[in-house]
Amino acid sequence: MAGDLDIPSCSLDGSELLSQRERYAEIGRSALGFERSAGSLTVTLGPAVDRALVEEAVRIERGCCPFFEIELDPGEGRLTIGVAEAEQAPALEAIAFALGFGEGPPAPAA
């Protein structure tokens, strides 16, 4: 998901990245809320969310960006994505943007 941010451990190619963004957009449309901290973001999933779609997005994210710490709590309807290192935090902005809750990732330095 973080391909735009030049994070080397993201292994999605262009079409895979687009598909993952579309999954996040769909999840975001069904979300009830969103919380962001310096090292994590938490999405409260609505009752209409496609749970299989959320599980697929999580599975793909874990495979392409192993630096993310991802917790999915279906019982509470909560998805939390975090990072351990400050330099990885911009990747959270890319996910927040894809969910429809952010302003987008920072522009690359000139």
Side-chain angles (χ1 to χ4, degrees):
M1 184 66 217
D4 291 27
L5 301 173
D6 197 29
I7 294 175
S9 59
C10 184
S11 62
L12 294 181
D13 67 23
S15 65
E16 292 168 329
L17 184 60
L18 179 60
S19 294
Q20 186 71 336
R21 285 182 180 155
E22 290 170 355
R23 280 186 280 278
Y24 278 123
E26 181 66 27
I27 292 165
R29 285 190 286 276
S30 299
L32 297 177
F34 173 82
E35 294 177 35
R36 179 76 165 86
S37 70
S40 71
L41 60 90
T42 299
V43 179
T44 302
L45 305 169
V49 73
D50 180 342
R51 300 290 176 167
L53 183 71
V54 174
E55 291 171 5
E56 181 181 11
V58 167
R59 179 185 57 76
I60 291 167
E61 206 64 56
R62 284 181 173 147
C64 71
C65 296
F67 60 88
F68 280 132
E69 300 166 354
I70 303 172
E71 291 182 40
L72 175 60
D73 184 341
E76 293 292 320
R78 192 170 303 134
L79 171 63
T80 302
I81 303 172
V83 294
E85 305 293 328
E87 64 269 8
Q88 298 164 336
L92 292 172
E93 294 304 322
I95 292 181
F97 181 73
L99 287 162
F101 292 109
E103 296 179 17

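Values reported hereafter were calculated over all heavy atoms of this structure, with side chains retained and with hydrogens, waters and symmetry mates removed.
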For Ala89, side chain to side chain contact (heavy atoms under 4.5 Å, CB included) partners two or more places apart: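 By the side chain to side chain contact (heavy atoms under 4.5 Å, CB included) rule, Ala89 matches Val83.
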
Applied to residues 36-51, the salt bridge (Lys or Arg N to Asp or Glu O under 4.0 Å) test, sequence neighbours excluded, yields Arg36-Glu93

Heavy-atom pair with the smallest gap, counting every atom of [X] and [Y]:
X: Gly63; Y: Ser11; answer: O-OG, 4.0 Å
X: Ala96; Y: Phe34; answer: CB-CZ, 3.6 Å
X: Ala31; Y: Val43; answer: CB-CG1, 3.7 Å

List in chain and number order the residues that pass side-chain hydrogen bond (donor to acceptor under 3.5 Å, both in side chains) with [X], two or more places apart in sequence or in another chain; answer none if no residue qualifies.
X: Thr80; value: Thr42
X: Ser30; value: none
X: Arg62; value: none

Side chains of Ile95 and Phe68: does their closest heavy-atom pair fall under 4.5 Å?
-> yes

Residues passing the salt bridge (Lys or Arg N to Asp or Glu O under 4.0 Å) test with Glu56, sequence neighbours excluded, are Arg23

With sequence neighbours left out, the residues meeting salt bridge (Lys or Arg N to Asp or Glu O under 4.0 Å) with Arg59 are none

task = Give, for atom CD1 of Ile27 and atom CG of Leu53, the distance between the pair rounded to the nearest 0.5 Å.
result =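 Those atoms lie 4.5 Å apart.
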
Value for CD1 (Ile60) from SG (Cys65), rounded to nearest 0.5 Å, stands at 11.0 Å

Donor-acceptor contacts under 3.5 Å from residues 69-79 side chains, at least two apart:
from	atom 1	to	atom 2	distance (Å)
Asp73	OD1	Gly75	N	3.2
Asp73	OD1	Glu76	N	3.1

